[in-house]
Novice: 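One structure, as C-alpha cells, below. Some questions next.
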Amino acid sequence: MDQKSPQKQQSPIKYSTNNLDKLTHQIKDSWKNQQEEYQKLFDQFLQYCKPQYPVFNIKFTCSISGECLEQPVSFMQCIVDKKHLNDCFDLKQILKYLIQNDSNFMQDGYIQCPLCRSKSHFKKDIPLIPNLFFLQLRQQLNDKSKPITYYLSSQTLIPLYPGILGKEQFQFNNQIQQIFGQQFDTQQNFSIIRKQTKGNDSFKYSHLCLLGNMRIQIPVRGKQCRHLECYDFLYLNWYMQQRDQKQFKCLFLGCQEIINLNELQLDQELYEIGLKSFNFSSDFIFDQQSSTLLDTYAITNYDPHIATYKKLVPTTTETINYIKQIYDLTDRIYSSTKNQELTDKFYEHPLNGDFNISKDQRTNCKVEIPCRCIRCDKVNVCDLRFMSCIINQVQHPENRNGVKNYQVSCPLCHNPFSPKKRHRDQSVHEQVYVDTKMLNFIITIKNFNLLNKEKYQLFLQKKLYPSLKFEELESPIQELDQFNLKLRCLITNQKLRNPIRGIYCQHPEAFDENSITDLQASGQLDLNLAQCPQCQSSINKLTHDNILKELISQMEGDFDEVQVFPKKKSIKQLK
C-alpha cells in the first residue's frame, strides 16, 4: 500500500467570515500561558517609547474599521519592531478584514500588518497578541472607550477635550503636566470639603466649570477655595491666555478668593471619578449609604429617552445591558472631535425650519444633548440618546426586539442611515453629530421655557466669532529706521500678540487680533462704524502686520515697551 501523504494543515486565514467566533476562540485559547511573556514585551515597548512619544492621543477604536475595541490586539512583529504605539485592532474586525483581503495581505506562510506591512510568520494561529497597553488603560477608565490624551512619562491620562479645546489641548501640555506633578493637597479633595459643607446628607452635584459652563475634565480650585464647585484647568488656562491675565476673583457666590493660575489645586478625587464616568454626563449624586459620588447615568436603569424607543423592563439584566450599550454609543458620539467642525459647517447658512427643543416631538422629553444627522438642513434637533437607539439598531438588528416603532432613518429629515458592511464604509455613529453651539445655549439658559428661536439667534450673534475682513498689504513700519512701541492693543489695552491694523493706518501702533475678535463677537465693537483711536481712520478693513509679528516673536520675556529696528530686523527691551 502506498503511504498516505500527510494531510496539509489548513491556514486559519482560509476561514470564512461565518466562522469568526470559532477562529477567535482558537486564538484566545493560544494566549493562555503566555501572559508574562506578553507583559514583558509591552514593558520593553513602552520603555523604548517614553523619550520618543511623551504625549499622544488614543482613540479606543479599531485602526482598520473605526469600530469600538472589544478585544484589543496587535501583531506581535509590530510590537517587537516597536511600531503603532497608539494604533490597535479589534480581534474580530482584523480577522474579518484579513479574510476579505486574502489576496492582498497573504503570502506563503506569512501575513502582513495592514498598517506597516510588517511580515509575520504563522504555523497554527495568526500571530496576533492581546494589546495589554490598551487593556490596562481601559481598566483605568472603568472599561469605557472614550478618547484620551496620555502622558507616557508620568502615566497620566485625561479625556480628550471635545470641540475647540481639543484642538488647543496640546499647546497646554506643560501646564497639564505641572498640575499633575505637584504635591496634592488632601484638604482640597471632594470628600474633605463635602464634610465641611454638606455633612453626610445626600445631594446632587453638578460637575460643570464655574467659568465655562462645560463638563469638567481636570477639576481645580483656587488655593483657598472651600466649595465643591470647580473650574476646568484647561478651559481656565485657555480663557486667561486669550485675555492675557494671570488671576481673577473666584466666581462662586460668597467666595472672595483671588484665583492665581500658578496656585491652582487639583481635586484628585473628582478627577478619578470623572475618568470613570460618561463624558456626556455632568450630573452626579452623592449617596449617603455608600458615601460615594455616583454618575447619574451610570446608576440608572430607566431613561425616558430610551424607554420611548424601546419597551424596557426595569432592573432586568437585559435592560441594564441595553442602556449601557446606548450610553457607550452616546458617549462616543458626544466625545467626537468632528462635532465642532460639523456644527460650524451647519451655521454657515441661515437658520432654517422650526426651533423647538423644550419638548422633543418624538419622546415628549426635553432635549438635553441636541443632535442631528449630517444630511439635516433644518435647525431642529432631537436628543442624542434617542438618536443612539436608532443608529444602534441600524447596525445591530439583534437589538430590535421590543422596539416600538423600528426605523432606519433620521427622525428629523427621514434620510436613511447606511449600515457599515465593509471596513471602508462610514460608521453609523459618524452619520450624526452633536450641535455644540446649541448645547452651549442649553447649558447657559437653565430655564427651558426661555428657549426659543429669537433668543437662540441672539445667542449666536453674541457667541459666533465673525470672520474679520483682511487685505494683505505691506507693513507701514518696513521703511522706518527705528521707533519705540508699547506692546498693547490700541483699542483694548490687552497684550499685543498678533498685530493687525486698519488698511489706512500708517503708524507703528497696532491692534491685537484676538482682542478685536472678542469685542466684535460680544457685540461691543462694530468694525463698520469704528475708527482707529490713533489716526481716526476707518477700520472696517484690516491687514496683518507680519513684520511686527515676527519681531515680537523674537522677544524672550514679558515686556510692556520695546525699541524696534525694522530694517535691521531686531527688537530690544526699553530700560
Side-chain angles (χ1 to χ4, degrees), residues 27-28 30-66 68-91 93-94 111-121 125-161 166 169-182 184 217-218 266 268 271-272 274-276 335 337:
I27 293 175
K28 287 184 176 181
S30 69
W31 295 342
K32 286 183 178 178
N33 299 318
Q34 303 184 61
Q35 292 299 313
E36 290 186 8
E37 177 187 345
Y38 296 152
Q39 187 63 61
K40 184 177 180 181
L41 191 63
F42 274 96
D43 288 343
Q44 293 173 350
F45 182 28
L46 295 176
Q47 193 64 33
Y48 166 82
C49 290
K50 276 186 178 180
Q52 309 290 333
Y53 309 100
V55 57
F56 49 90
N57 292 335
I58 289 180
K59 296 180 180 179
F60 291 92
T61 55
C62 177
S63 296
I64 202 66
S65 70
C68 279
L69 293 172
E70 294 183 13
Q71 175 60 64
V73 296
S74 295
F75 286 85
M76 176 177 280
Q77 190 60 44
C78 294
I79 302 302
V80 171
D81 293 342
K82 300 177 175 58
K83 298 179 179 178
H84 317 314
L85 175 62
N86 59 340
D87 282 311
C88 194
F89 304 103
D90 177 72
L91 180 56
Q93 294 293 328
I94 188 62
I111 192 170
Q112 290 183 326
C113 168
L115 298 180
C116 67
R117 305 300 177 92
S118 293
K119 293 182 180 179
S120 298
H121 182 74
D125 293 313
I126 297 176
L128 293 167
I129 63 173
N131 190 308
L132 301 183
F133 176 53
F134 271 63
L135 285 169
Q136 290 161 4
L137 288 179
R138 199 162 64 179
Q139 287 175 2
Q140 294 183 56
L141 294 167
N142 204 24
D143 289 331
K144 290 181 172 58
S145 299
K146 54 190 177 186
I148 62 168
T149 299
Y150 188 70
Y151 297 82
L152 187 55
S153 57
S154 60
Q155 298 183 352
T156 301
L157 61 89
I158 60 173
L160 180 62
Y161 282 77
Q169 191 166 339
F170 271 93
Q171 297 184 20
F172 295 92
N173 281 334
N174 291 335
Q175 292 94 322
I176 292 173
Q177 292 185 78
Q178 287 174 8
I179 194 70
F180 281 96
Q182 71 181 14
F184 299 123
Q217 307 289 14
I218 307 177
L266 176 70
Q268 180 74 8
Y271 158 70
E272 292 177 356
L275 276 182
K276 298 176 181 179
S335 303
T337 54

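Positions are given from 1, in the same order as the sequence printed here.
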Novice: Tell me yes or no: between the side chains of Glu272 and Gln268, is some donor less than 3.5 Å from an acceptor?
Specialist: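 Side chains of Glu272 and Gln268: pair found under 3.5 Å.
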
Novice: When you compare the side chain of Met76 with that of Leu41, does any pair of heavy atoms fall below 4.5 Å?
Specialist: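 Sidechains of Met76 and Leu41: in contact.
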
Novice: Hey, are the side chains of Tyr271 and Thr156 touching, using non-hydrogen atoms and a 4.5 Å cut-off?
Specialist: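 In short, these two side chains touch, coming nearer than 4.5 Å.
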
Novice: Considering all heavy atoms of both residues, which atom of Gln71 and which atom of Asp90 are nearest to each other, and what is their separation?
Specialist: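 The pair with the smallest heavy-atom distance is N-OD1, 3.0 Å.
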
Novice: Would you name the heavy atoms of Gln169 and Thr149 that are closest together and state the gap between them?
Specialist: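 Looking at all heavy atoms of both residues, the shortest contact is NE2-OG1, 2.9 Å.
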
Novice: Can you give me the closest heavy-atom contact between Phe134 and Lys59, atom names plus distance?
Specialist: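 Phe134 and Lys59 have their closest heavy atoms at CE2-O, 4.2 Å.
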
Novice: Would you say the side chains of Asn57 and Tyr150 form a donor-acceptor pair under 3.5 Å?
Specialist: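 There is no such pair (donor and acceptor under 3.5 Å, judged by atom type) between the side chains of Asn57 and Tyr150.
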
Novice: For the residue pair Lys83 and Ile79, what are the closest heavy atoms and their distance?
Specialist: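 In terms of heavy atoms, the two residues are closest at O-CD1, 4.4 Å.
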
Novice: Are Phe89 and Thr61 side-chain neighbours, meaning at least one heavy-atom pair lies under 4.5 Å?
Specialist: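 No, their side chains stay 4.5 Å or more apart.
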
Novice: Are side-chain N/O atoms of Gln136 and Gln39 paired as donor and acceptor at under 3.5 Å?
Specialist: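 There is such a pair between these side chains.
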
Novice: Could you tell me if Lys82 sits above the aromatic ring of Phe45, with its cationic atom closer than 6.0 Å to the ring centre and no more than 45 degrees from the axis?
Specialist: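 Judged by the rule, Lys82 and Phe45 form no cation-pi pair.
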
Novice: Quick check: closest heavy atoms across Arg138 and Pro72, and the distance to 0.1 Å?
Specialist: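 Closest approach of Arg138 to Pro72, heavy atoms only: NH2-CD, 3.9 Å.
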
Novice: Do the non-hydrogen side-chain atoms of Val73 and Asn131 ever get within less than 4.5 Å of each other?
Specialist: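 No, every pair of side-chain atoms sits at 4.5 Å or beyond.
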
Novice: Does the side chain of Gln139 come under 3.5 Å of the side chain of Asp143 through a donor N or O and an acceptor N or O?
Specialist: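 No, because no side-chain N or O of Gln139 sits under 3.5 Å from a partner of the opposite role on Asp143.
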
Novice: Report the C-alpha separation of Tyr161 and Thr337 in whole Å, then their side-chain angles, then the decisive distance to 0.1 Å, and conclude whether the side chain to side chain contact (heavy atoms under 4.5 Å, CB included) test is met.
Specialist: CA-CA 8 Å; Tyr161 282 77; Thr337 54; over 6 Å; no

Novice: Could you give the distance from CG (Asn86) to CG (Leu137), rounded to the nearest 0.5 Å?
Specialist: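 Rounded to the nearest 0.5 Å, the CG-CG separation comes to 11.0 Å.
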
Novice: Check whether the side chains of Asp81 and Gln77 place a donor and an acceptor atom closer than 3.5 Å, and report yes or no.
Specialist: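 Note: Asp81 and Gln77 side chains meet the donor-acceptor criterion.
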
Novice: Compare every heavy atom of Leu141 with every heavy atom of Leu275, then report the nearest pair and how far apart it is.
Specialist: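 Shortest heavy-atom separation between Leu275 and Leu141 comes out as O-CD2, 3.6 Å.
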
Novice: Between Gln177 and Asn173, does a side-chain hydrogen bond (donor to acceptor under 3.5 Å, both in side chains) hold up when you go through it step by step?
Specialist: CA-CA 6 Å; Gln177 292 185 78; Asn173 281 334; 5.9 Å; no

Novice: Would one find more than 12 heavy atoms of other residues, nucleotides or ligands at under 6.0 Å from atom CD of Gln52?
Specialist: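 Enclosed.
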
Novice: I want to check something: taking the side chain as every heavy atom from C-beta on, are Leu69 and Gln93 in contact at a cut-off of under 4.5 Å?
Specialist: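 Contact flag for Leu69/Gln93 side chains = no.
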
Novice: Compare all side-chain heavy atoms of His84 with those of Cys116 and state whether any distance is below 4.5 angstrom.
Specialist: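 Yes, at least one pair of side-chain atoms sits under 4.5 Å.
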
Novice: Applying side chain to side chain contact (heavy atoms under 4.5 Å, CB included), run through Phe75 and Leu115 and close with a yes or a no.
Specialist: CA-CA 10 Å; Phe75 286 85; Leu115 298 180; over 6 Å; no

Novice: I want to check something: taking the side chain as every heavy atom from C-beta on, are Leu266 and Gln182 in contact at a cut-off of under 4.5 Å?
Specialist: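 Of all side-chain heavy-atom pairs linking Gln182 with Leu266, at least one is under 4.5 Å.
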
Novice: Going through the distances and angles, do Leu132 and Gln35 end up as a side chain to side chain contact (heavy atoms under 4.5 Å, CB included)?
Specialist: CA-CA 9 Å; Leu132 301 183; Gln35 292 299 313; 3.9 Å; yes

